[in-house]
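Okay, so here's the structure we're looking at.
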Amino acid sequence: MAIECLVLGAGQEVGKSCVVVTINGKRIMFDCGMHMGYDDHRRYPDFSLISESGHFDAALTCIVITHFLLRGYVYDNVLCFLSYYLILRYPTKALAPLMLEDYRKVMVDRRGEEEQFSSENVLDCLKKVTAVDLKQTVQVDKDLQIRAYYAGHVLGAAMFYAKVGESAMVYTGDYNMTPDRHLGAAQIDRLQLDLLITESTYATTVRDSKYAREREFLKSVHKCVANGGKVLIPTFALGRAQELCILLDDYWERMNLKVPIYFSAGLTIQANMYYKMLINWTSQKVKDTHATRNAFDFKHGDFTGAEGTIACSPKQSTSSDCSTSELAPSVALDGSTGIETSADRPSSRVLSSKIAGSIGTEEKISYINRSSSSPLLLESDFEEKNGLCSEKTTYISCFTGSVTLKNSVVAVCRFDRSLINAPGPCVLFATPGMISGGFSLEVFKNWAPSETNLVTLPGYCVAGTIGHRLMSGKPTTIELDKDTQIDVRCQIHQLSFSPHTDAKGIMDLVKFLSPKHVILVHGEKPKMALLKAKIQAELGIPGYDPANNETVCISSTHYVKADLSDKLIQTSLSPNFKFLKTRLAADCGLDSLNIKATSPLQLCDDRISEGILTMGKSQKAKVVHQDELLVILGDEKQGVQCANCFPVNMSNFDKIKSADELSGEVQLFDKSSQLYAKLSSELPELNIQDCGEFLQVESFRASVCLLDNCPHRTMDNPCDTFEAVYFCCTWAMEDEKLAWKVISIMKNFGINAP
Amino acid sequence: MFFSAADVKSCMQRVQVLKYAEEACYNGSITIKAFSSGLEIGSCNWTISSPKANIGHVSSSIFQSETAMDFNYHALQGCDAILYSDNSARNILGNVEDENCHFASVNSDLSIKSDTDNSWEVIGEALLNADERSEEMEKLAFIISCAVDSVEAGGSVLVPIGRLGIVLQLLEQLSLSLKSSNLKVPIYVISTIAEELMAFTNIIPEWLCKLRQEKLYSGEPLFAHVELTREKRLHTFPAVHSLELLKIWQEPCIVFCPHWSLRLGPVVHLLRRWCRDQNSLLVMEEGVDAELALLPFKPMAMKALQCSFLSGIKLQKVQPLLKILQPDFVVFPEYLRRHIGPPNSSSSFLGYSENQTLRIPNRKELPELYISMDLATQLSWTKLDHMDTSIARLKGELVMEHGKHLLLPGNEQAISSDTRPLLHWGAMDLESLLAALQKMGIKGSVEQGMSDAGSEIASVLHIFEPSKALIEVKATTTVISASDESLASLISEAVNTILNSI
Ligand SMILES: [Zn+2]
Ligand SMILES: [Zn+2]
């Protein structure tokens with residue numbers, strides 16, 4: 001039996017995740033990504049390797065999508081697959097239309113490409129998608145079982161477990177082993193796995209404490225705005241922006257900063273809406289802080305914190321030069337002064353005054369919490385939807401508005417293009433991340449030439465993007481095209497935390513799951529090689545890091561099935577097992593990682609060795625208890641015992657004591673006796689039983705022998721020179737080694753006694 | 001007080017929460033799963049599988065729900081036994097028995113005639129037929145028309161219904177009707193958990209019916225109460241005396257509040273207030289003795305509407321369901337005996353009654369042990385000459401996982417006994433043993449045993465080279481006595497070659 005693993009994307013590279021796995025005849029495609037850095041055929045996986053004829057229906061059993069992160073993680077090519085089983089989590093499905101729509105626009109606008117698919121296409125296709133809940137075990141067909149586990153990373157991200165027959169594997173997609181502010185750390189059960197396919201974005205990086213990294217980020221932003229600079233944070237829609245915003249919000253309040261924080265990403269605001277509706281899927285911590293009163297009243301420090309206001313406005317159709325779906329102007333809210341509208345839109349005013357009127361004091365906030373209890377839109381929010389944003393169907397914001405806007409705090413607003421060159425400091429979150437185009441590029445063009453400004457790059461940047469160029473050595477100029485050059489004088493700060501696991505996280509996961517094989521994908525070639533070697537050396541698990549379009553074949557678990565007799569089940573499962581110490585020790589290291597170990601019961605019990613496997617020519621294999629075997633054979637048991645009767649020199653013992661001994665041998669084996677103490681200390685791992693007249697360790701049994709002519713006393717020249725006490729011992733053959741060890745301890749005991 | 005909040009809390013800490021179709025393993029041997037039953041949001045049926053049998057527990061279920069995820073009966077396929085405990089028919093049945101009306105007629109609408117023309121799909125369609133739904137919709141529509149009439153006449157409407165799904169639907173449809181009739185009447189939901197409930201129902205798309213899930217994907221709220229609250233047409237309050245409630249209270253109005261018994265909660269106050277108003281309306285669930293419940297409020301001028309909602313599997317659907325599930329055994333409440341269990345079914349039918357233990361025969365064959373191939377190849381096999389069979393002693397680590405016994409290559413040092421056989425059988429022949437010992441360079445002589453009266457015949461083999469040792473052989477025992485470890489070990493080996501051993 002074998003598992004065949006064809007890597008179509010993310011083989012020794014980051015991005016374009018796509019792996020096709022064949023297990024016992026079932027073919028599953030995990031993820032279907034694109035590469036942001038390329039414009040040519042390299043952008044997509046080579047699907048002809050799955051089926052030259054393009055008959056993917058026949059070639060694949062199902063497609064499993066772990067998450068969306070990069071815009072259009074699932075892109076047009078997937079659409080041709082969508083006629084059949086595609087599995088992803090509820091939040092991923094909910095976010096899919098947003099992501100695909102956004103991707104579509106970027107492609108059409110930025111590259112002037114022909115529309116590859118329409119919004120209707122997207123919605124139609126998604127109807128056919130099967131959404132799953134975490135841990136829900138989906139029986140795709142009779143043989144194939146799929147289960148999603150929580151992966152952290154971004155909302156809706158999952159690791160997927162797939163099992164066909166007895167062969168099982170896990171595909172992680174991207175995951176995060178340390179919880180961030182809005183999503184928890186990955187959680188998975190201890191599983192019997194033949195194969196683990198894991199991402200390895202940070203194959204060699206071990207990140208320091210999150211706290212230090214956060215502080216560094218906040219300080220750099222603070223420093224910049226304190227000097228009157230502008231901070232650009234290019235982010236993708238999901239995850240990053242929300243997390244950083246919570247951080248900033250927190251900090252702003254603590255430091256009593258009034259510098260505005262802008263959100264330019266319409267997508268982010270929509271995504272936030274989903275985050276709220278899907279609160280159930282975000283981390284336990286976020287959930288818990290929402291107490292029971294209202295799941296949507298985000299208290300201080302929650303991810304929704306900063307966007308107090310809400311509401312998106314449609315793409316500005318007038319500014320045709322700008323190609324993205326960024327949002328139009330609106331409100332700057334300052335808690336202390338009430339309102340300020342940066343655009344004269346009545347609806348905005350209503351909104352702002354409402355918020356302003358209801359916040360300001362703790363008391364009023366609690367009022368809001370009580371009255372705006374449900375996950376509702378603020379009035380104006382809805383007006384916007386109905387009036388101005390009618391062309392968009394997918395956004396509704398369900399913010400209560402109370403939120404973090406406690407006293408002063410963040411004026412999170414939509415960013416007007418006219419604000420780009422407005423005087424004064426500000427912080428701006430703009431899409432797309434990596435400055436790969438769109439609005440973040442537009443802002444970058446304007447802000448990069450000033451050294452007071454700061455560009456903070458959160459997370460990984462794919463080769464070929466401006467973000468990547470900024471990260472790999474600070475360039476002084478960036479050539480956008482033949483005619484456009486950008487002077488880069490601003491500061492560049494790279495955020496070292498990202499929603500990907502670091503090397504330690506990968507190692508912990510591999511160790512925890514202890515699969516038979518590991519395949520690394522989604523990483524950089526040299527680093528992957530190092531990690532592969534590390535896994536092999538430290539965990540003894542063979543690893544692979546195939547390049548794109550390579551196939552790795554691994555053997556998978558295969559079982560021989562045998563009927564199991566009741567008697568053996570009863571003897572081997574009666575509650576008398578020891579837990580394997582090694583296993584337990586392994587668990588301890590993982591406690592901190594929040595991996596939930598629902599490990600199967602580990603029976604370390606020799607009694608399974610009382611089982612006999614019998615295999616006849618024409619019958620099914622059967623496992624019986626050894627006692628039953630004899631019945632089957634019609635034979636009688638032959639007891640085989642070993643025995644030895646030997647003297648121990650007791651002359652050195654206290655006379656009084658030996659007098660006692662003579663009166664009753666019992667004393668020798670008493671728990672308080674020196675002999676017992678000696679044996680216990682030399683054989684700590686064994687259970688030495690003191691049965692009064694004899695002493696027993698496993699099958700070994702010793703008692704004082706008073707016979708003059710014991711048949712087991714086979715010494716050539718029995719010694720009479722010392723005051724000897726004879727011990728008669730018997731044992732079963734299997735305890736041979738143990739028996740002789742005990743005998744030698746007893747003999748030495750005589751010699752060395754005080 | 002029977003219990004305190006702290007008791008409840010500590011109790012809940014011991015509760016493990018499951019998602020639909022999530023496997024919970026007890027002790028490695030029993031796998032428990034929950035599947036939606038369709039009755040209410042989050043309600044479920046269970047499957048319990050052990051190596052010996054799979055049992056499905058069917059509680060009150062609804063095939064197609066307007067709110068909750070549908071009854072997932074497919075998940076119960078493959079159960080050896082179905083424990084049928086949908087007792088929703090009990091009340092109805094009482095009446096039916098009285099009228100001596102049997103369910104013979106019932107079969108005709110689902111037309112289960114013969115096994116041959118009954119594909120699963122056909123039955124499945126029958127189970128899902130829309131009659132039930134439209135019937136329920138009609139009931140709701142009727143309630144709403146009554147409510148609108150009352151409001152138009154200046155009366156208020158009081159709805160002390162406990163079924164969440166019904167309440168949510170009423171909220172939605174009532175607001176639509178009010179809007180279309182151009183009635184600006186506030187709707188109040190008064191309950192300590194009202195607010196929480198309204199919020200909660202909007203974040204659990206994975207427990208809702210398909211239609212509601214679609215709303216998630218198109219970015220709409222899952223339930224209309226979101227919009228109603230936003231439009232200030234719906235208000236939630238923890239209690240009747242809430243300050244905010246008093247501030248905005250206006251009549252006529254529509255109030256949803258507990259408790260259906262009419263003895264607890266805000267309903268008592270409101271009923272007192274409105275019971276003399278002939279324009280007001282009380283909507284009650286069936287299952288309450290209306291006469292008795294309303295006694296304290298008499299004389300009642302207020303109209304009362306009692307309504308029975310679908311709360312389980314209709315009796316005529318039980319058989320088609322069981323036909324799809326095809327269990328070996330159906331265990332059902334005794335009082336349903338006349339209605340469950342067609343004579344020509346492949347299942348056996350066992351009725352249960354209260355306080356009685358029922359034994360269900362185990363039809364499953366022996367459980368299986370899954371021995372990993374890696375391990376199987378490491379076993380040392382002995383061929384038995386006369387039986388055409390090979391045997392091997394097991395080793396490794398026995399793991400119980402999801403009700404399966406797995407034998408995996410374990411950590412070997414935990415097993416101390418894999419060098420020497422544990423079991424011997426066959427006859428000990430002293431001459432052959434002597435010969436085998438001689439090959440090892442061990443010399444000795446045989447002393448044939450004497451038959452003393454009463455004692456067993458014992459033969460003895462004396463070893464004198466390399467050192468003294470003794471092998472005593474009786475009919476079913478052999479004892480090896482030696483003072484030298486290596487000699488003892490050699491003798492053991494020799495004995496193993498003479499006897500059969502494993
Ligand atoms: Zn990702
Ligand atoms: Zn002796």
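By convention in this document, chain letters (A, B, ...) are assigned in the order of the sequence lines, proteins followed by strands, and residues within each chain are numbered from 1.
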Where on [X] is there a heavy atom nearer than 4.5 Å to chain B: the side chain, the backbone, both, or neither?
{"X": "A/Glu736", "value": "side chain"}
{"X": "A/Ile632", "value": "both"}
{"X": "A/Lys741", "value": "neither"}
{"X": "A/Ala562", "value": "both"}
{"X": "A/Ile612", "value": "both"}

Salt-bridge contact [X]-[Y] (side-chain N to carboxylate O under 4.0 Å):
{"X": "A/Asp563", "Y": "A/Lys622", "result": "no"}
{"X": "B/Asp484", "Y": "B/Lys468", "result": "no"}
{"X": "A/Glu628", "Y": "A/Lys567", "result": "no"}

Among [options], residue most engaged with chain A (heavy-atom pairs, under 4.5 Å):
{"options": "B/Asn496, B/Asp374, B/Ile193, B/Asn500", "result": "B/Asn496"}
{"options": "B/Ile502, B/Leu394, B/Thr389", "result": "B/Leu394"}
{"options": "B/His235, B/Glu472, B/Gln213", "result": "B/Gln213"}

Which atoms of [X] are under 4.5 Å from chain A, going by heavy atoms: the side chain, the backbone, both sets, or neither?
{"X": "B/Ala376", "value": "side chain"}
{"X": "B/Ile463", "value": "neither"}
{"X": "B/Leu408", "value": "side chain"}
{"X": "B/Tyr20", "value": "backbone"}
{"X": "B/Leu470", "value": "both"}

Flag for B/His462-B/Glu447: side-chain donor and acceptor within less than 3.5 Å |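 Their side chains do contain a donor-acceptor pair, which is all the 3.5 Å distance test asks for.
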
Keeping [X] on the side-chain end and [Y] on the backbone end, is there a donor-acceptor pair under 3.5 Å?
{"X": "A/Asp635", "Y": "B/Trp425", "answer": "no"}
{"X": "B/Ser372", "Y": "B/Leu375", "answer": "yes"}
{"X": "B/Ser50", "Y": "B/Ile30", "answer": "no"}

**Message:** A cation-pi test, strictly: NZ or CZ of A/Lys561 under 6.0 Å from the centre of the six-membered ring of B/Tyr370 and no more than 45 degrees from its axis. Yes or no?
**Reply:**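 No - A/Lys561 does not lie over the ring of B/Tyr370 by the 6.0 Å and 45° rule.
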
- Go through B/Leu234 and B/Leu171 one step at a time and tell me if the side-chain contact (heavy atoms from CB on, under 4.5 Å) criterion holds. CA-CA 9 Å; B/Leu234 171 69; B/Leu171 273 175; 3.7 Å; yes

If contact means a heavy atom pair closer than 4.5 Å, which residues of residues 488-495 of chain B contact chain A?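 At a heavy-atom separation under 4.5 Å, chain A is reached by B/Ala488, B/Ser489, B/Ser492, B/Val495.
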
* Does the side-chain contact (heavy atoms from CB on, under 4.5 Å) test come out yes or no for A/Arg147 and B/Glu23, once each step is laid out? -> CA-CA 10 Å; A/Arg147 195 184 306 151; B/Glu23 292 181 348; 3.2 Å; yes

Might you point out which heavy atoms bring B/Thr47 and B/Ala75 nearest each other, and give the distance in Å?
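Closest approach of B/Thr47 to B/Ala75, heavy atoms only: CG2-O, 4.0 Å.
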
Name every donor-acceptor pair, under 3.5 Å, that has one atom in a side chain of residues 637-646 of chain A and the other anywhere in the protein, sequence neighbours excluded.
unit_1: A/Gln638; atom_1: NE2; unit_2: B/Gly426; atom_2: O; d: 3.3
unit_1: A/Gln638; atom_1: NE2; unit_2: B/Ala475; atom_2: O; d: 2.8

